[in-house]
Amino acid sequence: MATLNGNTQTAIDIHCHNVFPEFVEFLESKGMSMEETYPLPQWDIDSHLSFMKDAGIRTSVLSMPAPQPYYGDIAECRRIIREYNEKTAGIKKAYPGKFMFCASLPLPDVKASIEEAVYALDTLGADGIKLATNSRGQYLGAAELDPLMEVLNERNAVVVLHPHRPTPVNDSIISATPLAVYEYPAETTRAVVNMITHNVPSRYPNIKFVIPHCGSFLPLAIPRMKNIHKAMVGKGIMGKIDWDKNLENLYYDLAGGATPDVMESLLTITTPEHLLYGSDFPYQPAKVLSSGKESLKENIKHNDMLSPYISDIFSGNAEKLFK
């Protein structure tokens with residue numbers, strides 16, 4: 001196993017974003033730069049590499065930030081997504097071993113998204129696919145997404161999820177409290193619960209789904225859902241759910257607040273082999289994220305269940321996931 005001493009670059013960062021200036025300019029032209037109630041951070045390759053060096057990160061898995069660039073014009077959305085995927089593929093090629101990426105798709109157009117997924121995975125060499133929890137109200141788990149899931153299943157895809165602005169959402173609440181505080185964890189939980197309800201992970205067993213932000217509220221939602229589900233099946237309101245099959249291909253990144261209590265809670269629904277390090281760079285200052293990574297390392301070291309898996313959590317599990 002790799003060691004994690006000092007600033008040796010051993011970790012794989014499964015959750016980070018590259019924010020191109022062109023993407024920011026596009027959102028500004030739509031008046032949507034604050035759609036997610038949080039300003040898009042500045043990003044460039046040099047600052048990302050500097051953060052990786054200081055934090056001891058060997059490889060960063062890039063993905064597109066929210067929001068989904070669809071404002072009624074699918075051709076425009078396809079163009080923005082294609083530009084992002086091709087430019088990010090270029091970064092991966094220019095810095096071998098330093099960057100991987102999960103391609104974005106022009107949802108809610110399923111046909112266009114299948115075409116983009118095939119192009120990104122087969123031609124651009126994308127390492128996985130990033131899916132928003134919802135794309136303008138089209139939530140993961142929706143039946144219309146099944147043809148896309150079939151394609152991703154055929155390619156044994158890794159799919160990283162990321163919360164986007166809920167649809168609908170209470171505007172008065174999010175004007176006072178940014179989406180990232182509550183709505184993002186709730187949104188992630190909502191999407192995964194919908195996927196489980198429709199047996200998406202079990203019906204497409206070759207897809208590995210990465211759930212962000214320490215599993216969000218799933219450690220609370222899943223046992224509650226199991227109890228309620230029994231009664232709902234008895235009343236003919238819900239269908240059967242293959243719990244084991246649905247949960248076995250869910251992985252969880254530790255970005256955003258992986259305290260000892262949060263990790264203990266997460267272990268009630270998964271195992272250490274399914275935990276992955278993530279930074280969420282560049283949404284907080286590099287020094288804050290580097291310090292957070294060191295705190296996470298210390299917390300894992302002092303956890304009897306997790307300490308034997310410290311190298312796996314920071315790199316080994318990701319290596320196996322992406323093969």
Side-chain angles (χ1 to χ4, degrees), residues 15 17-20 23-24 26-27 29-38 40 62-85 88 101-121 126 128-153 155 157-171 174 179-180 183-198 200-201 203-204 207 209-213 216 250:
H15 185 152
H17 306 284
N18 51 327
V19 186
F20 293 125
F23 182 64
V24 177
F26 168 75
L27 294 176
S29 73
K30 299 291 183 181
M32 292 295 179
S33 60
M34 285 291 290
E35 182 179 355
E36 301 290 318
T37 69
Y38 197 92
L40 283 165
L62 301 170
S63 61
M64 190 177 195
Q68 186 75 350
Y70 175 72
Y71 299 99
D73 185 338
I74 190 58
E76 177 183 70
C77 181
R78 293 183 73 172
R79 175 179 62 80
I80 298 297
I81 294 289
R82 175 61 61 88
E83 288 176 357
Y84 170 84
N85 289 338
T88 308
F101 81 104
C102 290
S104 281
L105 303 181
L107 290 169
D109 190 306
V110 176
K111 182 176 182 294
S113 294
I114 290 173
E115 293 173 358
E116 188 66 25
V118 171
Y119 174 70
L121 293 169
I129 297 294
K130 177 249 178 167
L131 290 179
T133 47
N134 89 91
S135 298
R136 307 304 172 191
Q138 179 194 69
Y139 271 86
L140 297 180
E144 61 263 31
L145 293 173
D146 281 352
L148 172 62
M149 294 300 170
E150 290 175 8
V151 170
L152 299 180
N153 191 63
R155 284 166 170 75
V158 175
V159 172
V160 299
L161 273 54
H162 198 278
H164 282 217
R165 181 188 179 107
T167 304
V169 67
N170 188 307
D171 290 329
I174 67 170
L179 292 171
E183 296 294 346
Y184 270 7
E187 171 72 0
T188 298
T189 305
R190 181 182 298 114
V192 176
V193 163
N194 197 45
M195 290 171 64
I196 292 173
T197 298
H198 294 93
V200 169
R203 289 190 290 119
Y204 304 103
I207 302 175
F209 293 96
V210 180
I211 316 304
H213 305 133
S216 296
L250 301 186

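In what follows, every heavy atom counts, from backbone to side chain, and hydrogens, waters and symmetry copies are set aside. The structure presented is a predicted model; accordingly, all values stated were derived computationally and were not measured.
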Worksheet item: What's the verdict on side-chain contact (heavy atoms from CB on, under 4.5 Å) for Gln138 and Val110, showing C-alpha distance, side-chain angles and the deciding distance?
Response: CA-CA 10 Å; Gln138 179 194 69; Val110 176; 3.8 Å; yes
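- Contact check for Ile80 versus Phe23: side-chain heavy atoms found under the 4.5 Å cut-off.
- Between Asn134 and Pro166 the shortest heavy-atom distance is ND2-CA, 3.9 Å.
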Item to complete: Just do the side-chain contact (heavy atoms from CB on, under 4.5 Å) check on Val192 and Leu250 with the steps written out, would you?
Response: CA-CA 10 Å; Val192 176; Leu250 301 186; 4.3 Å; yes
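- No donor-acceptor pair closer than 3.5 Å links the side chain of Glu144 to the backbone N or O of Asp109.
- In terms of heavy atoms, Tyr204 sits closest to Asn153 at C-OD1, 3.0 Å.
- Under the 3.5 Å distance criterion, the side-chain polar atoms of Tyr139 are matched with a main-chain donor or acceptor of Thr167.
- Figure legend: cation-pi geometry between Arg78 and Tyr70 absent, as NZ or CZ is not positioned both under 6.0 Å from the six-membered ring centre and within 45° of its axis.
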Practice prompt. Apply side-chain contact (heavy atoms from CB on, under 4.5 Å) to the pair Asp146 and His198, showing each step before the final yes or no.
Written response: CA-CA 10 Å; Asp146 281 352; His198 294 93; over 6 Å; no
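- The line from OG of Ser104 to CD of Gln68 is 6.5 Å long, rounded to the nearest 0.5 Å.
- Residues that satisfy the side-chain contact (heavy atoms from CB on, under 4.5 Å) test with Arg155, not counting sequence neighbours, are Val118, Leu121, Asp122, Val151.
- Closest non-hydrogen pair, Ser135 versus Pro108, comes out as O-CB, 3.8 Å.
- Residues meeting the side-chain contact (heavy atoms from CB on, under 4.5 Å) test with Arg82, sequence neighbours left out: Glu86, Glu116, Tyr119.
- Taking both residues in full, the closest heavy atoms of Met195 and Gly141 are given as CG-N, 3.8 Å, listed atom of the first, atom of the second, then distance.
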Discussion item. Would Glu183 and Thr37 count as a side-chain contact (heavy atoms from CB on, under 4.5 Å) here? Give the steps.
Written reply: CA-CA 11 Å; Glu183 296 294 346; Thr37 69; over 6 Å; no
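- The nearest pair of heavy atoms linking Asn194 to Ala142 is ND2-N, 4.0 Å.
- No option in Lys30, Arg165, Arg136 other than Arg136 meets the salt bridge (Lys or Arg N to Asp or Glu O under 4.0 Å) test with Glu35.
- Counting heavy atoms from C-beta outward, Leu152 and Ile129 have side chains that approach closer than 4.5 Å.
- A search for ring pair (Phe, Tyr, Trp, His ring centres under 6.0 Å) contacts involving Tyr184 returns nothing, not counting sequence neighbours.
- A search for side-chain contact (heavy atoms from CB on, under 4.5 Å) contacts involving Asn18 returns Phe20, Trp43, Leu62, Tyr84, Thr88, Ile91, not counting sequence neighbours.
- Proximity of Leu131 to Leu145: side-chain heavy atoms (C-beta onward) are nowhere separated by under 4.5 Å.
- Distance NZ/Lys130 to CG/Asn85: 10.5 Å, rounded to 0.5 Å.
- Annotation: side chain of Glu36 is not in contact with side chain of Pro65 (no heavy-atom distance under 4.5 Å).
- A distance of 5.5 Å separates CG of Leu148 from CD1 of Ile114, quoted to the nearest 0.5 Å.
- With sequence neighbours left out, His164 forms a ring pair (Phe, Tyr, Trp, His ring centres under 6.0 Å) with no residue at all.
- In terms of heavy atoms, Ser113 sits closest to Pro106 at OG-C, 3.3 Å.
- In this structure, the ring pair (Phe, Tyr, Trp, His ring centres under 6.0 Å) partners of His17, at least two apart in sequence or on a different chain, are His15, His162, Tyr283.
- Side-chain contact check for Pro69 versus Ile81: some heavy-atom pair is nearer than 4.5 Å.
- Between the side chain of Thr133 and the main chain of Ala191, no donor-acceptor pair closer than 3.5 Å is present.
- Under the side chain to side chain contact (heavy atoms under 4.5 Å, CB included) rule, Pro163 has a single partner from Thr189, Thr188, Leu179, which is Thr188.
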